[in-house]
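Order of appearance sets the numbers: ligands from 1, and atoms from 1 within every ligand. The model shown is predicted, which means the values in this text are computed figures rather than measured ones. The residues of the chain are indexed from 1 along the displayed sequence.
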Amino acid sequence: MTKVAVAVFGAGAIGRAHVETMRRLDSCALAAIAEPSAAGRAYAEGLGVPWYADPHDLLREVKPQAAVIATPNATHRELAIACIERGIVPLVEKPIASTLEDAAAIAVASERANLPVLVGHHRRHNPIIRRARAMIAEGALGRLTNATVLYTFYKPADYFEMAWRREPGGGPVLINLIHEIDLIRHLCGEIVSVQAIASNAVRGFDVEDSAAVLLRLANGALVTLNLSDTAATPWSWDLASGESPNYPPQPVAVQTHFLSGSEGSLALPTLDHWHYASGKSWFAPIRRDSVRFERGDPYRAQLDHLARVVRGEERPLITARDGALTLRATMAVHKAAKTGQIVRPDQEMEL
Ligand SMILES: NC(=O)c1ccc[n+]([C@@H]2O[C@H](COP(=O)([O-])OP(=O)(O)OC[C@H]3O[C@@H](n4cnc5c(N)ncnc54)[C@H](O)[C@@H]3O)[C@@H](O)[C@H]2O)c1
């Protein structure tokens with residue numbers, strides 16, 4: 001089968017990770033790179049692929065079938081719409097945009113043109129998450145009651161040398177927690193209200209370093225999320241799931257997600273399924289089954305999926321509108337922390 005020709009915009013941290021993944025795939029071929037820096041030019045030349053400083057020039061001259069948009073968030077709207085106008089399927093890195101207006105504009109452009117847009121919430125492609133979602137849909141947990149998520153980790157001091165990471169918007173709510181908000185929506189259901197408190201007590205920057213968040217879901221389930229980028233713990237999906245080679249493997253299994261329901265519960269990433277064999281009661285023994293699954297690289301699966309979407313074989317696992325809903329709920333966390341009020345995402349902006 002012919003490989004789908006994919007351009008990459010932005011050869012920074014995640015752009016290069018996509019390029020390296022693509023080089024190992026049968027489904028996609030790297031068509032060209034657009035990246036203004038001299039380092040990006042040298043990188044493209046080293047790979048022997050066409051280089052452009054400006055993605056618009058690339059789009060005019062190369063005509064790829066798809067483009068991975070791995071540039072700063074504020075550029076996503078302009079670049080995604082430029083792709084849509086040329087019939088090129090964009091995979092827009094998360095967050096879909098830096099504002100809800102930009103996110104909505106991408107969704108509207110995608111729908112008007114009837115051209116699919118994918119958003120890079122790669123965790124949805126992890127086989128662990130796919131299995132968990134299927135089990136919840138099959139009723140293994142019964143009616144969902146609660147979810148508890150631990151997302152605590154330690155970012156080293158040099159991470160904060162870039163000024164924007166010390167300022168509002170550069171903190172762990174928009175950069176990291178958005179992954180958990182997306183997973184909760186994907187696994188457990190739509191978020192109807194958000195309460196939050198945030199703190200900058202440890203690092204003392206203008207941006208939060210920790211937050212505690214409460215969500216109410218449309219199905220009545222309640223969720224607590226604990227977040228910190230200044231806590232020395234192994235309790236984060238990135239460390240515990242082993243999905244990225246950037247983080248060292250953990251010597252013992254660590255759980256980060258606890259999903260509870262009336263018939264059973266599920267701990268992730270190990271996929272331990274707890275349930276009663278008979279006589280549901282806290283006085284009766286509760287058993288644990290370890291659900292079998294094949295480990296897999298979600299970034300790889302995401303690019304394979306992109307190729308199938310381009311060929312018309314699949315619909316996006318996360319569309320632009322879905323990505324906008326995740327962004328809206330994540331922004332509601334900031335507003336709830338700032339105001340001390342309960343925030344209803346659907347009253348923030350119609351999407
Ligand atoms: N899904 C994930 O796991 C994940 C991980 C990290 C970052 N991200 C997202 O990916 C995006 C990029 O993040 P990063 O950490 O790679 O940032 P980065 O700063 O390392 O890289 C961004 C690159 O884009 C280039 N650039 C800027 N404007 C450009 C333009 N108009 N056209 C082409 N290139 C341009 C910059 O020169 C830079 O090299 C962000 O949206 C971020 O939130 C996603």
Pairs of nitrogen or oxygen atoms closer than 3.5 Å, one from [X] and one from ligand 1: do any exist?
{"X": "His179", "value": "no"}
{"X": "Ala13", "value": "yes"}
{"X": "Lys94", "value": "yes"}

If you count the atoms of ligand 1 from 1 in the order shown, which ones are under 4.0 Å from a heavy atom of [X]?
{"X": "Pro55", "result": "32 (N), 33 (C)"}
{"X": "His76", "result": "41 (O)"}
{"X": "Pro72", "result": "24 (O), 26 (N), 27 (C), 28 (N)"}
{"X": "Tyr299", "result": "2 (C), 3 (O)"}
{"X": "His122", "result": "1 (N), 2 (C), 3 (O)"}

Distance from [atom] to nearest protein heavy atom, with residue and atom:
{"atom": "atom 10 (O) of ligand 1", "value": "Ile14 CG2, 3.1 Å"}
{"atom": "atom 1 (N) of ligand 1", "value": "Glu93 OE1, 3.0 Å"}
{"atom": "atom 12 (C) of ligand 1", "value": "Ala70 O, 3.5 Å"}
{"atom": "atom 29 (C) of ligand 1", "value": "Thr71 CG2, 3.8 Å"}
{"atom": "atom 25 (C) of ligand 1", "value": "Glu35 OE1, 3.1 Å"}
{"atom": "atom 40 (C) of ligand 1", "value": "Asn73 OD1, 3.3 Å"}
{"atom": "atom 21 (O) of ligand 1", "value": "Gly12 CA, 3.2 Å"}

Do we see a donor-acceptor contact under 3.5 Å between the side chains of [X] and [Y]?
{"X": "Glu263", "Y": "Tyr276", "value": "no"}
{"X": "Gln255", "Y": "Thr270", "value": "yes"}
{"X": "Glu243", "Y": "Trp237", "value": "yes"}
{"X": "Thr152", "Y": "Ser228", "value": "no"}

Taking side-chain hydrogen bond (donor to acceptor under 3.5 Å, both in side chains) as the cut-off, I'd like each qualifying pair that reaches into residues 86-97, sequence neighbours left out, listed once.
His18-Glu93

His334: partners by ring-ring contact (aromatic ring centres under 6.0 Å, His included), with sequence neighbours left out:
none

Side chain to side chain donor-acceptor pair (under 3.5 Å) between Thr326 and Asp182, worked out:
CA-CA 5 Å; Thr326 288; Asp182 188 64; 2.6 Å; yes

Can you find a protein heavy atom under 4.0 Å from atom 34 (N) of ligand 1?
yes

Given the protein's heavy atoms, is any one of them under 4.0 Å from atom 17 (O) of ligand 1?
no

[X] near ligand 1, heavy-atom distance under 4.0 Å?
{"X": "Gly120", "value": "yes"}
{"X": "Pro36", "value": "yes"}
{"X": "Pro95", "value": "yes"}

Is Asp322 paired with Arg124 through a side-chain N to carboxylate O contact shorter than 4.0 Å?
yes

Can you classify the ring geometry of His275 versus His273 as parallel (below 30°), tilted (30 to 60°) or perpendicular (above 60°)?
parallel

Give a yes or no on whether Arg315 atom CZ has more than 12 heavy-atom contacts from other residues, nucleotides or ligands under 6.0 Å away.
no

Ring center gap for His186 and His121 short of 6.0 angstrom
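No; His121 has its ring centre 6.0 Å or more from that of His186.
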
Check step by step if side-chain contact (heavy atoms from CB on, under 4.5 Å) holds for Asp102 and His76.
CA-CA 8 Å; Asp102 283 3; His76 289 184; over 6 Å; no

